[in-house]
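Inspection log for the structure reproduced underneath, given as structure tokens.
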Protein chains: 2
Amino acid sequence: MSTSTGSERRTGTETRAEILRVALRLFTEKGFEGTSTRDISSALGMTKSSLYYHFKNKEEIVASLMDERRDELDEFVEWLAAQPPAPDLLRRAVLRWVSGATPERLQLMSLAHANQPIMRRLMGSGQELRSNFDRVIDLLTGEAAGPRERLLTRMAFDTVSAALLAALGTDAGPDEIIAAARDAGAALADSLTPGG
Amino acid sequence: MSTSTGSERRTGTETRAEILRVALRLFTEKGFEGTSTRDISSALGMTKSSLYYHFKNKEEIVASLMDERRDELDEFVEWLAAQPPAPDLLRRAVLRWVSGATPERLQLMSLAHANQPIMRRLMGSGQELRSNFDRVIDLLTGEAAGPRERLLTRMAFDTVSAALLAALGTDAGPDEIIAAARDAGAALADSLTPGG
DNA sequence: GTCTATAGGTTGATAGAC
DNA sequence: GTCTATCAACCTATAGAC
């Protein structure tokens with residue numbers, strides 16, 4: 001990121017990143033609507049007004065958070081589109097996607113799922129996240145696939161979220177969650193490609 | 001309408017149920033925090049104050065909604081505890097649980113997952129839902145099972161939620177979602193009991 | 001059971017000094 | 001970039017008439 005390309009102009013990127021980090025923690029803990037701008041600013045030791053210097057409004061904060069996820073998905077779609085068709089492509093793709101999960105991405109996904117209303121509103125003005133995932137499904141199932149197959153394929157990729165969900169009240173750590181997601185993703189992929 | 005069983009005393013049970021139905025719809029649409037008591041009351045054609053006649057506060061509304069789920073889980077745990085140990089018990093239990101899903105229960109689960117913060121707060125004063133599910137896992141895995149196996153078992157039961165999640169931006173209907181959940185649950189159960 | 005009126009508080013956001 | 005001061009809008013919840 002910092003790419004100091006000669007000009008010493010520092011536009012406050014560090015503060016921005018710090019805000020995002022704190023906001024992500026609070027949003028996941030108390031939800032988007034349950035977290036006030038005051039909560040965020042005081043956790044950072046600043047005032048609300050300072051927050052509004054860095055972000056236009058509260059919604060832009062969570063939007064910035066989600067932009068990071070979108071970039072990762074774009075990268076994955078690019079990789080997938082470049083793969084030649086193969087019987088085990090589904091399995092390989094699922095494992096690649098699931099294995100790419102990091103604790104921070106886990107937190108981001110958890111945020112997205114625990115706050116669907118705001119996410120839906122966010123998608124309104126730039127809905128590329130879901131529809132990009134649609135492309136993943138298209139690439140893997142073909143257009144002739146029925147809704148049941150498409151849904152199951154989607155679930156194979158969503159095992160990270162599913163594992164996250166299942167681990168909610170548990171003392172399972174990020175590594176165990178990702179491991180379980182891997183296993184589940186493989187099992188679902190195998191059930192979809194009977195021949196193995 | 002309404003079960004006039006001799007005594008004409010009508011305690012307003014119908015209104016209560018109607019409130020719950022409308023509240024469930026609004027909570028799932030806009031989230032718990034995003035739905036005001038005013039939203040609920042005006043959707044019912046009444047005022048906020050009337051709402052407070054039927055429920056102590058906003059939180060009690062969502063708590064009542066969740067009570068229904070708890071009852072269903074209790075019933076399932078009772079059934080499971082009465083089953084003799086068998087190799088295919090996991091598969092049978094998963095299918096029974098998943099098949100019991102109705103569109104309304106789907107909506108309830110969706111609500112629970114989309115509003116984790118309030119759910120966590122709710123559990124504080126009577127946490128029986130998660131811990132009861134712990135008992136399901138205990139009954140099926142035994143105490144010697146590792147965290148990975150326990151997590152995967154949990155995921156097998158959570159396929160309804162997972163299918164719901166995967167179907168979010170999709171045009172999949174309740175029946176397709178439940179069907180996909182069945183398939184996924186069976187696949188996960190099979191992957192956990194190698195012998196079949 | 002439902003209403004009007006209102007209390008008492010929080011929210012997201014802006015203006016403008018420094 | 002951060003602050004103080006302020007705003008209108010909204011919120012949950014209650015009091016009390018009918």
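Proteins come first, then strands; the chains are lettered A, B, ... in the order of their sequence lines, and each starts at number 1. Computed from a predicted structure; not experimentally measured.
Within the structure, salt bridge (Lys or Arg N to Asp or Glu O under 4.0 Å) pairs that include any residue of residues 94-110 of chain B comprise B:Glu72-B:Arg105 (at least two apart or interchain). Legend: ring-ring contact (aromatic ring centres under 6.0 Å, His included) pairs involving residues 14-35 of chain A, not counting sequence neighbours, sorted by first then second residue: A:Phe27-A:Phe32. Sorted by first and then second residue, the salt bridge (Lys or Arg N to Asp or Glu O under 4.0 Å) pairs with a member in residues 166-186 of chain B read A:Arg148-B:Asp183; sequence neighbours excluded. Here salt bridge (Lys or Arg N to Asp or Glu O under 4.0 Å) pairs that include residues 40-52 of chain A, with residues two or more places apart or in two chains, number zero.
One interatomic measurement links the two molecules: CG of A:Asp39 to P of C:dG12, which rounds to 8 Å at whole-angstrom precision. Summarising the geometry, the separation between CD1 on A:Ile61 and P on C:dG12 is reported as 10 Å, rounded to the nearest angstrom. To the nearest angstrom, P of D:dT12 lies 15 Å from CZ of B:Phe55. One interatomic measurement links the two molecules: CD1 of B:Ile19 to P of C:dG1, which rounds to 11 Å at whole-angstrom precision. A straight line from CG of B:Asn57 to P of D:dA13 spans 5 Å, rounded to a whole angstrom. Atom CD in A:Glu59 sits roughly 8 Å away from atom P in C:dA13 (whole-Å rounding). Taking atom OH of A:Tyr52 as the reference point, atom P of C:dT11 lies 11 Å away to the nearest angstrom. For the pair B:Lys58 NZ and D:dT14 P, the computed distance is 15 Å after rounding to whole Å.
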Distances under 3.5 Å between nitrogen or oxygen atoms of protein and nucleotides 2-4 of chain D:
residue	atom	partner	partner atom	Å
D:dT2	OP2	A:His54	NE2	2.7
D:dC3	OP2	A:Thr47	N	2.8
D:dC3	OP2	A:Thr47	OG1	3.1
D:dC3	OP2	A:Ser50	OG	2.8
D:dT4	O4	A:Ser49	OG	2.5

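For A:Gln107, the side chain to side chain donor-acceptor pair (under 3.5 Å) partners are A:Thr28, not counting sequence neighbours. The side chain to side chain donor-acceptor pair (under 3.5 Å) check on B:Gln83 picks up B:Arg92, with sequence neighbours excluded. For A:Lys30, the salt bridge (Lys or Arg N to Asp or Glu O under 4.0 Å) test picks out A:Asp39, with sequence neighbours left out.
For the helix from C:dG1-D:dC18 to C:dC18-D:dG1, the end axes, each set by the C1' atoms of five terminal pairs, are bent relative to each other by 10° (nearest 10°).
Within 4.0 Å (heavy atoms only), A:Ser41 reaches no atom of the nucleic acid at all.
Counting heavy atoms from C-beta on, the side chains of B:Thr37 and B:Tyr52 come closer than 4.5 Å.
The CG atom of B:Leu164 lies 9.5 Å from the CE atom of A:Met155; values are rounded to the nearest 0.5 Å.
Nearer the 5' end of DNA chain C, as judged by each residue's closest nucleotide, is the contact made by A:Gly34, out of A:Lys56 and A:Gly34.
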